[in-house]
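Here the structure comes first, spelled out in structure tokens, and everything after it is commentary.
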Amino acid sequence: MNKLIVISTVVSSIVLAGCESTPEVKPRMARFDSPEVNSQPFHFNITAGSDSSNQIAINKNKKSERDNTLRFSAAMTLGKGFEARFVDNGENQVSLKYQMLGAPLEQKKTGNLSLAGSLGYIWAKRSESPTKQYNDWSMEQKSYDLSLIAGYRLNRQALLYGSVFYQNGDVDGKYYLFEHYDVEQNVTINEGCGWNKTCVESYFSDKGNAYGLSLALEYELLTWLAVTGEVVHHRAEWFERTNNETGAHFNVEFRF
């Protein structure tokens, strides 16, 4: 019987370790934000591409990682150099961009030097349910994104551009209580929560920031179709830790 208890305890420990999760921020790295904007209102573009994240967990014993995801965006020009954009890449982002220098996009002027600034707001909600029966934790993240973008048009088809960016935000989250089975005592212990209840055990919060550089080459295949390759270096500071990541991304843009 004692051997059975020991074996059951070991198995339970392995299962719990496999189900263990920890809150983590996942700031996305891809930018794909050109400094040339169509000067007339109601020009649209829709994009689809790759993205990656600079991931930092609240648990200092867990190594920071990077995961890959898909990225979608939709933008509309407002006229006089302004453009509004929405991005969905696991986070949600809305931004407003203004081209302050250089010829507009429709001119595609070879040798054009362009400069634009962008202000964005990012928000995301995450939760983890290792057993798919209860949430271990939940978290809400909000950040502001500020970038300066400069470009040089190589020819009518090709635009080389880069950016410097800064993000600042905070996270607020909760750890939840749940029922569990105690192998040694052969009883189910209720720590104040049933399976379907959201009883809070404790709260956590943090403030963090990120900044970095990007370099991209955009090539127009057709008047309504362009592709872009991009490299981004991203430095994030969250939970009293700093992590650097460099990612390469690819994007396809449809223009209307």
Find the distance between CZ (Phe42) and CE (Met76) and round it off to the nearest 0.5 Å. 6.0 Å
Using distance alone, with no hydrogens and no angle criterion, decide if Ser163 and Ser214 have a side-chain donor and acceptor under 3.5 Å apart. yes
Check: His234/Thr246 side-chain N/O donor and acceptor closer than 3.5 Å: no
Below 4.5 Å, heavy atoms only, C-beta onward: do Tyr175 and Pro23 meet side chain to side chain? yes
Do Tyr98 and Phe86 sit in one hydrophobic cluster, given that two such residues count as connected whenever their side-chain heavy atoms are within less than 4.5 Å of each other, even indirectly? no
How about Tyr144 and Tyr121: are their ring centres within less than 6.0 Å of each other? yes
Considering all heavy atoms of both residues, which atom of Lys97 and which atom of Asp33 are nearest to each other, and what is their separation? NZ-OD1, 2.8 Å
Is there side-chain contact between Tyr211 and Val164, with heavy atoms separated by less than 4.5 Å? no
Arg255 bridged to Glu218 by N-O distance under 4.0 Å: yes
Nearest-0.5 Å distance, NZ of residue Lys26 to CG of residue Asp67: 4.5 Å
Heavy-atom closest pair (Asn59 atom, Asn61 atom, distance to 0.1 Å) is OD1-N, 2.9 Å
Between atom CZ of Arg85 and atom OG of Ser118, what is the distance when rounded to the nearest 0.5 Å? 6.5 Å
Can you check whether Leu70's main-chain N or O pairs, donor with acceptor, with Ser50's side chain at less than 3.5 Å? no
Please determine whether residues Leu96 and Trp123 belong to a single hydrophobic cluster, defined as Ile, Leu, Val, Met, Phe, Trp and Tyr linked transitively by side-chain heavy-atom distances below 4.5 Å. no
Return yes if a side-chain donor-acceptor contact under 3.5 Å exists between Ser114 and Tyr152, otherwise no. no
Can you confirm whether Lys125 is buried at NZ, in the sense that more than 12 heavy atoms of other residues, nucleotides or ligands lie under 6.0 Å from that atom? no
Note, His233 side chain near Met29 side chain (heavy atom, < 4.5 Å): no
Please check if the side chain of Thr77 supplies one atom and the backbone of Gln40 the other of a donor-acceptor pair under 3.5 Å. yes
Close side-chain approach of Asn92 and Val87, heavy atoms under 4.5 Å: no
Membership question, hydrophobic clusters at under 4.5 Å side-chain separation (ILVMFWY): are Phe44 and Leu222 in the same one? yes
Ring-plane angle category for Phe254 and Trp224, please: parallel below 30°, perpendicular beyond 60°, tilted otherwise. parallel
Does the cation-pi check pass for Arg31 over Phe165, that is, NZ or CZ under 6.0 Å from the six-membered ring centre and within 45° of its axis? yes
Judged by atom type as modelled, is there a donor-acceptor pair below 3.5 Å linking the side chain of Asp170 to the main-chain atoms of Asp206? no
Measure from the side-chain N and O atoms of Glu230 to the backbone N and O of Phe32, and report whether any donor-acceptor pair falls under 3.5 Å. yes
Would you say Phe256 and Val227 are hydrophobically clustered, going by side-chain heavy atoms of ILVMFWY under 4.5 Å? yes
Residue of the set Glu106, Gln107, Gln99 for which side-chain contact (heavy atoms from CB on, under 4.5 Å) holds with Ser39: Glu106
Please test Lys108 against Glu220 for salt bridge (Lys or Arg N to Asp or Glu O under 4.0 Å), starting from the C-alpha separation and ending with a verdict. CA-CA 10 Å; Lys108 299 183 178 68; Glu220 185 180 86; 3.6 Å; yes
So, Asn243 versus Asn54: side-chain donor-acceptor pair below 3.5 Å or not? yes
Would you say Gln93 and Ser95 make side-chain contact, with heavy atoms under 4.5 Å? yes
Using every non-hydrogen atom in the two residues, find where Leu154 and Leu217 come nearest and quote the distance to one decimal. CD1-CD1, 4.1 Å
Should Phe82 and Met100 be regarded as members of a common hydrophobic cluster, given that ILVMFWY residues are connected when their side-chain heavy atoms come within less than 4.5 Å of each other, either directly or indirectly? yes
For Tyr166 and Asn168, which I'm curious about, is there any donor-acceptor pair between the side chains at under 3.5 Å? yes
Exercise: identify the closest heavy-atom pair between Trp238 and Ile56: O-CG2, 3.9 Å
What closest approach, in Å, do Glu24 and Ala57 show between heavy atoms, and which atom pair accounts for it? CB-CA, 3.6 Å
Would a 4.5 Å heavy-atom cut-off, applied to side chains only, mark Ile149 and Ser34 as touching? no
How close do Ala103 and Asn112 get, counting heavy atoms only, and between which atoms? N-OD1, 2.8 Å
Arg28 CZ to Glu91 CD distance, which is reported to the nearest 0.5 Å: 6.0 Å
Give a yes or no answer on whether the side chain of Lys174 reaches the backbone of Asp136 with a donor-acceptor pair at less than 3.5 Å. no
If you round to the nearest 0.5 Å, how far is NE2 of His249 from CG of Asn251? 10.5 Å
Do side-chain atoms of Asp51 reach the backbone of Ala30 as a donor and acceptor pair under 3.5 angstrom? yes
In Å, rounded to the nearest 0.5 Å, how long is the span from CG of Asp145 to CD1 of Ile122? 4.5 Å
Assess whether side chain to side chain contact (heavy atoms under 4.5 Å, CB included) is satisfied between Ile46 and Glu253, documenting all intermediate values. CA-CA 6 Å; Ile46 297 174; Glu253 178 180 340; over 6 Å; no
For the residue pair Arg71 and Thr47, establish whether any side-chain heavy-atom pair is separated by less than 4.5 Å. yes
Can you find a heavy atom in the side chain of Pro35 that is under 4.5 Å from one in the side chain of Leu115? no
Would you sort out whether Thr110 and Asn155 count as a side chain to side chain contact (heavy atoms under 4.5 Å, CB included), showing the intermediate values? CA-CA 5 Å; Thr110 299; Asn155 53 49; 4.3 Å; yes
